[in-house]
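Written out below as structure tokens is the structure these notes cover.
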2 protein chains.
Amino acid sequence: MTSTNSVETQAQTQFDHPCPVRDVLDRIGDQWSLLILTALTPGTLRFNELHREIGDISRQMLSRTLKRLEQDGFIERKLYAEVPPKVEYTLSPLGHSFLVPMQALIEWADANHVQICQSRRQHRAQNEE
Amino acid sequence: MTSTNSVETQAQTQFDHPCPVRDVLDRIGDQWSLLILTALTPGTLRFNELHREIGDISRQMLSRTLKRLEQDGFIERKLYAEVPPKVEYTLSPLGHSFLVPMQALIEWADANHVQICQSRRQHRAQNEE
DNA sequence: GTACTTAGTTACCTGGAGGTGACCATGACA
DNA sequence: TGTCATGGTCACCTCCAGGTAACTAAGTAC
């Protein structure tokens, strides 16, 4: 984990990333990736449509995140040779399959969020007295 | 999302966090939380045992992360009135239940990591030429 | 000629995650 | 007397995710 750059590079070319879960979570655990994927679940969207849909993302982060998601194979990008440019983003089969286990996690979060918040309130109350 | 501090505070006291999934992912999506939870799956561990188990975490981050996980109710902390101090960390029922949907995600990651890495390599190759 | 559109890119800035090393109190042991 | 172990905390530093604002190229409408 704590490694020099050369070792890091070597490890990445050999195994790309030592721990699959950590790798996936690193990508998906950011502020926007999951939001973008779920926004694309109903179907194809263009860049500005995504931008409007998500609302509070900057165009820079949208661009960056889309690029990473495309590189990792979660989404597909189709560029039309028109002016003004038209670009369509679609979930790939990999992206769809990812949302299946993710859905279970989303349901867990919905079901247990109240309990988590209660727990937080309790601990806050204990620290305040 | 983009909000002043006062509005943020108000929202948190009212609903604690607007989006459950985002809230959970914010906590669990960091570098260490999931690693700690899985390290605790087999059973109770003490602070330094966890530190040794995970290996490359700093004591400060271990302490901080454990505190957050305890506040959110994922783990339980038991302090023994001994000298030198003895503290035991255990997965709570909530923590255990969380690992169920998480397990599905871990399996997905294991199964599809190769494909993700291939996709990355392809895109890297395309950009290099 | 001027403004609008699309899909980005670029430079610059900030906050927070995470690391490092020193420090604390207490008792056991040599 | 000093050293070790435990479970932390504190001050300080670095790096990067993410935001903002300005800019681009080409066509269309006024």
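To find a chain, count down the sequence lines: A is the first, B the second, and so on, and within it residues start at 1. Below, each value reflects all heavy atoms present in this structure, side chains not excepted, and no hydrogens, waters or symmetry copies.
Going from atom OG of A/S58 over to atom CZ of A/R64 covers 7.5 Å, rounded to the nearest 0.5 Å.
No side-chain heavy atom of B/L69 sits under 4.5 Å from any side-chain heavy atom of B/R27. With contacts defined as side-chain heavy-atom distances shorter than 4.5 Å, the pair A/V21/A/V24 does not qualify. Side-chain atoms of B/R52 and B/L45, non-hydrogen and from C-beta on, never get closer than 4.5 Å to each other. Between B/Q31 and A/R22, some side-chain heavy-atom pair lies under the 4.5 Å cut-off.
For the residue pair B/S33 and B/T65, no side-chain donor N or O sits within less than 3.5 Å of a side-chain acceptor on the partner.
Per the geometry, CD1 belonging to A/I54 stands 11 Å off P belonging to D/dG19, to the nearest Å. Rounded to an integer number of Å, the gap from B/L62 CG to D/dT6 P is 14 Å. Between the P atom of C/dT20 and the NE2 atom of B/H51 lies a distance of 9 Å, rounded to the nearest Å. Rounded to whole Å, the distance from CG on B/D26 to C1' on C/dG16 is 12 Å. The CZ atom of A/R64 sits 10 Å away from the P atom of C/dT9 (whole-angstrom rounding). D/dG27 atom C1' lies 19 Å from atom OH of A/Y80, rounded to whole Å. Look at CG on B/D56: it is 12 Å from P on C/dG18, rounded to the nearest Å. One can place CD1 of A/I36 at 10 Å from P of D/dG18, the figure rounded to the nearest angstrom.
Side-chain atoms of B/Q31 lie closest to C/dG18 of the nucleotides C/dG18, C/dA7, D/dG18. The side chain of B/V83 approaches C/dG27 more closely than any other nucleotide in the set C/dT20, C/dG27, D/dG27.
A donor-acceptor distance shorter than 3.5 angstrom exists from the side chain of A/T38 to the backbone of A/L34, with no hydrogens or angles considered.
B/R52 comes within contact range of the sugar-phosphate backbone alone, with a heavy-atom separation under 4.0 Å but no base atom that close.
The aromatic rings of A/F47 and A/Y89 lie tilted to each other, with the angle between the two planes from 30° to 60°.
Within residues 65-79 of chain B, no residue has any heavy atom under 4.0 Å from DNA chain C. The stretch residues 40-49 of chain B touches DNA chain D through B/R46, B/F47, B/N48, each having a heavy atom within less than 4.0 Å of the strand.
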Can I get a per-line list of side-chain donor-acceptor pairs under 3.5 Å for residues 71-87 of chain B, giving both atom names and the distance, sequence neighbours left out?
unit_1: B/D72; atom_1: OD1; unit_2: A/R120; atom_2: NE; d: 2.8
unit_1: B/D72; atom_1: OD2; unit_2: A/R120; atom_2: NH2; d: 3.2
unit_1: B/Y80; atom_1: OH; unit_2: B/E88; atom_2: OE1; d: 3.0

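For A/Q60 and C/dT10, a side-chain-to-base donor-acceptor distance below 3.5 Å is present, hydrogens and geometry of angles not being considered.
Comparing A/S58 and B/E88, the nucleotide of DNA chain D nearest to each residue sits closer to the 5' end for B/E88.
Listed pair B/S63 / D/dT9 meets the phosphate criterion, a side-chain N or O lying under 4.0 Å from OP1 or OP2. Phosphate contact (OP1/OP2 of D/dC10, side-chain N/O of B/R59, threshold under 4.0 Å): absent.
Across every non-hydrogen atom of A/L91 and A/T41, the tightest pair is CD1-CA, 3.9 Å.
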